[in-house]
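Remember, predicted model here, so these are calculated numbers, not experimental data.
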Amino acid sequence: MALGSLDVSGILSGAQQAPSPNFDERPAGATVTLLVVHNISLPPGEFGGEGIVGLFTNTLDFGAHPYYESLRGLKVSAHFLIRRDGALVQFVACSKRAWHAGESNWRGRQRCNDFSIGVELEGVDDRTYAAPQYERLAELAAVLRRRYPLIDMVGHADIASGRKSDPGPAFDWGHTRTLFSRFARQ
């Protein structure tokens, strides 16, 4: 299914909505210029469950897996999640600041959450991402670029060097950029 457009608040038609309470207002005058690519899997290394949605919506069942107890009290979110099959979930309106980057810096600017959109890919650093994920990410980036003056698309590792490693060496940046160029021309 092709993605639609963003409404005035930054809600994307064509994305499943799973509203997260983990967001706040962007600083006055902040302009979205950065797209940050992350990865996540819950439980670690497993795909397809509801753990990610539970984490981002503060409804995670901490008893469902032993690892989940280590996440208790964590308040995180991203704007979007792209599942292995390309399904897209939106947690936070693009006009709001999702809590995805943490302590971060890009080109001398601190607090990347202030001026970025965070996209989580269901995956891990060292396992090949699925073709539908690349397609959906490129399509999403093209839709976002029509609304926001996106300058850069980077990985979490690029803005939190030494602290984060995602999306990892398995992520194919060249393929992503090729697909993005195709979608951007449409």
TODO: Taking D85 for its side chain and A87 for its backbone only, find out whether a donor-acceptor pair lies under 3.5 Å.
DONE: yes

Task: Expected output: side-chain S13 to main-chain S5 donor-acceptor under 3.5 Å - done: yes

Open item on the list: Minimum heavy-atom separation for H79 and I117, please, with both atom names.
Closed with: ND1-CA, 3.5 Å

Open item on the list: For R84, I'd like to know if atom CZ has over 12 heavy atoms of other residues, nucleotides or ligands within 6.0 Å.
Closed with: yes

Task: Whether S41 side chain and V124 backbone form a donor-acceptor pair below 3.5 Å - done: no

Open item on the list: Pair M153, T176 - check side-chain contact (heavy atoms from CB on, under 4.5 Å), show working.
Closed with: CA-CA 10 Å; M153 182 186 321; T176 302; 3.9 Å; yes

Task: Euclidean distance, I82 CD1 relative to E120 CD, rounded to 0.5 Å - done: 10.0 Å

Task: Pair F56 + F91: ring centers closer than 6.0 Å - done: yes

Open item on the list: Set out, in order, the CA-CA distance, both residues' side-chain angles and the distance that settles side-chain contact (heavy atoms from CB on, under 4.5 Å) for L81 and L88, then state yes or no.
Closed with: CA-CA 6 Å; L81 166 67; L88 184 67; over 6 Å; no

Open item on the list: If you count heavy atoms of other groups shown closer than 6.0 angstrom to CD of E103, is the number above 12?
Closed with: no

Task: I159 side, atom CD1; N105 side, atom CG - distance, nearest 0.5 Å - done: 9.0 Å

Task: Option among R97, K96, R26 that satisfies the salt bridge (Lys or Arg N to Asp or Glu O under 4.0 Å) test with D114 - done: R97

Task: L12 reachable from V53 in the ILVMFWY side-chain graph, under 4.5 Å edges - done: no

Open item on the list: Please determine whether salt bridge (charged side-chain N to carboxylate O under 4.0 Å, His left out) holds for the pair E139 and R182, giving the CA-CA distance in whole Å, both sets of side-chain angles, and the decisive distance to 0.1 Å.
Closed with: CA-CA 9 Å; E139 182 184 16; R182 187 183 87 212; over 6 Å; no

Open item on the list: Show the nearest heavy-atom pair for residues Y68 and G51, with the distance to one decimal.
Closed with: OH-CA, 3.8 Å

TODO: Using atom types as modelled and distance alone, determine if a side-chain donor or acceptor of S104 lies under 3.5 Å from a backbone N or O of G102.
DONE: yes

TODO: Determine, using the 4.5 Å side-chain heavy-atom cutoff (strictly less than), whether I52 and F47 are members of one ILVMFWY cluster.
DONE: no

Task: Linked, directly or transitively: L35 and V154 (ILVMFWY side chains, under 4.5 Å) - done: no

- [ ] Quick one: closest heavy-atom pair of R127 and A170, and the distance?
- [x] O-CB, 3.4 Å

TODO: Grab the two heavy atoms, one from C94 and one from L6, that are nearest each other, plus how far apart they are.
DONE: SG-CD2, 4.1 Å

- [ ] Can you tell me which residue pairs pass the side chain to side chain donor-acceptor pair (under 3.5 Å) test with a partner in residues 153-167, sequence neighbours excluded?
- [x] H38-H156, D125-S165, H156-D166

Open item on the list: Please list all pairs meeting salt bridge (Lys or Arg N to Asp or Glu O under 4.0 Å) that have one or both residues in residues 40-61, counting only residues at least two apart or in different chains.
Closed with: E50-R83

- [ ] State, with a plain yes or no, whether a side-chain heavy atom of V36 is found less than 4.5 Å away from one of W106.
- [x] no

TODO: Show your reasoning for whether side-chain contact (heavy atoms from CB on, under 4.5 Å) applies to I151 and L34.
DONE: CA-CA 6 Å; I151 297 168; L34 183 65; over 6 Å; no

Open item on the list: Quick check against the 3.5 Å criterion: does S116 have a side-chain atom that pairs as donor or acceptor with the backbone of G118?
Closed with: no

Open item on the list: In this structure, is the centre-to-centre distance between the rings of F171 and Y134 below 6.0 Å?
Closed with: yes

Open item on the list: What I want to check is whether the side chains of T33 and T31 have a donor and an acceptor closer together than 3.5 Å.
Closed with: no

TODO: Can you see which heavy atom on A98 is nearest to which on F23, and at what distance?
DONE: CA-CB, 4.3 Å

- [ ] Check for a donor-acceptor pair, side chain of S95 on one end and backbone N or O of G10 on the other, with a separation under 3.5 Å.
- [x] no

Open item on the list: For the backbone of Q90 and the side chain of Q16, can you confirm whether one donor and one acceptor N or O come within less than 3.5 Å of each other?
Closed with: no

TODO: Identify whether F180 and W173 are in the same connected component of the hydrophobic contact network (ILVMFWY, side-chain heavy atoms under 4.5 Å).
DONE: no

TODO: Spell out, yes or no, whether V89 and V92 are grouped together once hydrophobic residues are joined by side-chain heavy atoms under 4.5 Å, including indirect joins.
DONE: yes

Task: Stepwise side-chain hydrogen bond (donor to acceptor under 3.5 Å, both in side chains) test for W99 and N113 - done: CA-CA 6 Å; W99 303 341; N113 286 341; over 6 Å; no

Task: Distance in Å, L42 CG paired with L71 CG, rounded so as to fall on 0.5 Å steps - done: 6.0 Å

Task: Closest contact, heavy atoms only, A142 versus A184 - done: CB-N, 3.9 Å

Task: side-chain contact (heavy atoms from CB on, under 4.5 Å) between I40 and L55, worked out - done: CA-CA 11 Å; I40 188 169; L55 178 64; 4.0 Å; yes

